[in-house]
Participant: 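Take this structure first; my questions come after.
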Amino acid sequence: MMKMTKLLASAALVSVALASAPASAQLLDFDGITSFASVDNYYNGGTSSAGDVGPNYGIVFQAGDWITTTGFGETSEPNLAYSASGAGWINFLNGTTTGFNFSYGGFTDTTFNVYSGLGGTGALLASVLIPANNPASFDFIVVPFAGVAHSIVISGGVAQFGWDDVTFGSLTPGGVPEPATWAMMLGGFALVGSAMRRKKVAVSFA
């Protein structure tokens, strides 16, 4: 009974660790948002500027800055998103790790700064120059970083950078869990499974 209690306690600790860990990888394609609306709180369980209600990923886009549109070299229809100011930020309320990847079109070079705090505050975790390309044919890029990020701030020309199919929290498109995440999940399942087996044996021999 004591061993089973310890195992259940360990499993509970793993569950708490998973729940308090940075948000799992998420794919954002902007396709559920009305074209020409701003993303705003859509990916934080809120709404876009057009009132579209989105999933709660804990991701907030600078209000009025990230605008959805169609065309150019987007990788999935109908929408991509661009920064109207050329200096838009994105906040990750639960934090994000590992890196991100996306397809993009840029008329000018754009710098991505990744910060440990919200709104471009805290430690600078990474600063990456995304080179200009042909916006009619989007390119794919991966941006890794170390630590837990809570915001990204871009710096480029006004309405010069757009992206599509953005995956935050993974270097793999679509948000496939990283090896460390799989290890944590499997460890938790193993503890729960072991506790269940021990409980069955105890009941059988009672």
Side-chain angles (χ1 to χ4, degrees), residues 22-33 35-40 42-43 48 57 59-92 95-178:
S24 59
Q26 299 293 349
L27 171 65
L28 281 54
D29 60 17
F30 310 110
D31 293 343
I33 304 171
S35 293
F36 310 113
S38 54
V39 179
D40 298 354
Y42 180 82
Y43 288 111
S48 70
Y57 295 158
I59 302 175
V60 178
F61 283 70
Q62 182 174 337
D65 189 82
W66 292 94
I67 310 299
T68 59
T69 188
T70 188
F72 298 99
E74 63 188 344
T75 48
S76 68
E77 297 180 349
N79 290 328
L80 61 98
Y82 70 91
S83 173
S85 69
W89 53 255
I90 300 146
N91 282 338
F92 308 95
T96 187
T97 63
T98 308
F100 51 100
N101 62 84
F102 54 87
S103 296
Y104 81 97
F107 293 99
T108 62
D109 292 350
T110 301
T111 300
F112 272 68
N113 290 322
V114 183
Y115 293 94
S116 63
L118 297 173
T121 63
L124 180 64
L125 302 180
S127 183
V128 180
L129 180 68
I130 310 297
N133 64 356
N134 178 6
S137 179
F138 276 23
D139 290 325
F140 176 77
I141 193 165
V142 174
V143 179
F145 61 85
V148 178
H150 283 89
S151 64
I152 293 172
V153 181
I154 74 162
S155 177
V158 174
Q160 298 295 293
F161 173 86
W163 58 359
D164 196 10
D165 294 326
V166 186
T167 301
F168 293 113
S170 176
L171 301 182
T172 306
V176 177
E178 302 300 321

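Being a predicted model, the structure only gives us computed values, none of them experimental.
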Participant: Would you find a donor on one side and an acceptor on the other, under 3.5 Å apart, between the side chain of D109 and the backbone of P131?
Facilitator: no
Participant: Strictly distance-based, threshold 3.5 Å: is any side-chain N or O of Y57 a donor or acceptor partner for the main-chain N or O of L27?
Facilitator: no
Participant: With sequence neighbours excluded, give me every side chain to side chain donor-acceptor pair (under 3.5 Å) pair touching residues 126-149.
Facilitator: N113-S127, N133-D139
Participant: Who passes ring pair (Phe, Tyr, Trp, His ring centres under 6.0 Å) against Y82, sequence neighbours left out?
Facilitator: none
Participant: Roughly how far, to the nearest 0.5 Å, is the CZ atom of F61 from the OH atom of Y43?
Facilitator: 7.0 Å
Participant: Listed by chain and number, what are the side-chain hydrogen bond (donor to acceptor under 3.5 Å, both in side chains) partners of D165, not counting sequence neighbours?
Facilitator: T75, S76
Participant: Please list, chain by chain and in numerical order, all residues satisfying side-chain hydrogen bond (donor to acceptor under 3.5 Å, both in side chains) with S35, sequence neighbours excluded.
Facilitator: N79
Participant: Using distance only, find each side-chain donor-acceptor pair of residues 64-71 under 3.5 Å and give its atom names and separation, not counting sequence neighbours.
Facilitator:
{"unit_1": "D65", "atom_1": "OD1", "unit_2": "S85", "atom_2": "N", "d": "3.1"}
{"unit_1": "D65", "atom_1": "OD1", "unit_2": "S85", "atom_2": "OG", "d": "2.4"}
{"unit_1": "D65", "atom_1": "OD2", "unit_2": "S83", "atom_2": "OG", "d": "2.7"}
{"unit_1": "W66", "atom_1": "NE1", "unit_2": "W89", "atom_2": "O", "d": "3.3"}
{"unit_1": "T68", "atom_1": "OG1", "unit_2": "T34", "atom_2": "O", "d": "2.8"}
{"unit_1": "T68", "atom_1": "OG1", "unit_2": "F36", "atom_2": "N", "d": "3.2"}
{"unit_1": "T68", "atom_1": "OG1", "unit_2": "A37", "atom_2": "N", "d": "3.3"}
{"unit_1": "T68", "atom_1": "OG1", "unit_2": "A37", "atom_2": "O", "d": "3.1"}
{"unit_1": "T70", "atom_1": "OG1", "unit_2": "E74", "atom_2": "OE2", "d": "3.2"}
{"unit_1": "T70", "atom_1": "OG1", "unit_2": "P78", "atom_2": "O", "d": "2.8"}

Participant: Does the side chain of T98 reach to within under 4.5 Å of the side chain of L171, using non-hydrogen atoms?
Facilitator: yes
Participant: Going through the distances and angles, do V166 and Y104 end up as a side chain to side chain contact (heavy atoms under 4.5 Å, CB included)?
Facilitator: CA-CA 9 Å; V166 186; Y104 81 97; over 6 Å; no
Participant: Measure the shortest side-chain to side-chain distance between I130 and V143 over non-hydrogen atoms and say whether it is less than 4.5 angstrom.
Facilitator: yes
Participant: Would you list the atom pairs, donor with acceptor, under 3.5 Å between side chains in residues 147-156 and any protein atom, with sequence neighbours excluded?
Facilitator:
{"unit_1": "H150", "atom_1": "ND1", "unit_2": "S116", "atom_2": "O", "d": "2.8"}
{"unit_1": "S151", "atom_1": "OG", "unit_2": "G117", "atom_2": "O", "d": "2.5"}
{"unit_1": "S151", "atom_1": "OG", "unit_2": "G120", "atom_2": "N", "d": "2.9"}

Participant: For residues T96 and F168, report the shortest heavy-atom separation together with the two atoms involved.
Facilitator: OG1-C, 3.9 Å
Participant: Find out whether F138 and L80 are in side-chain contact, i.e. whether some heavy atom of one side chain is under 4.5 Å from a heavy atom of the other.
Facilitator: yes
Participant: Who pairs with S38 by side-chain hydrogen bond (donor to acceptor under 3.5 Å, both in side chains), at least two apart in sequence or on another chain?
Facilitator: D40, S49
Participant: Looking only at heavy atoms, which two atoms of A126 and P144 are closest? And how far apart?
Facilitator: CB-O, 4.3 Å
Participant: Only pairs at least two apart or in different chains count here, so list each ring pair (Phe, Tyr, Trp, His ring centres under 6.0 Å) that has a residue in residues 108-133.
Facilitator: F100-F112, F102-F112, F112-F161, F112-W163
Participant: Do you know the tightest heavy-atom contact between P173 and F140?
Facilitator: CG-CZ, 3.6 Å
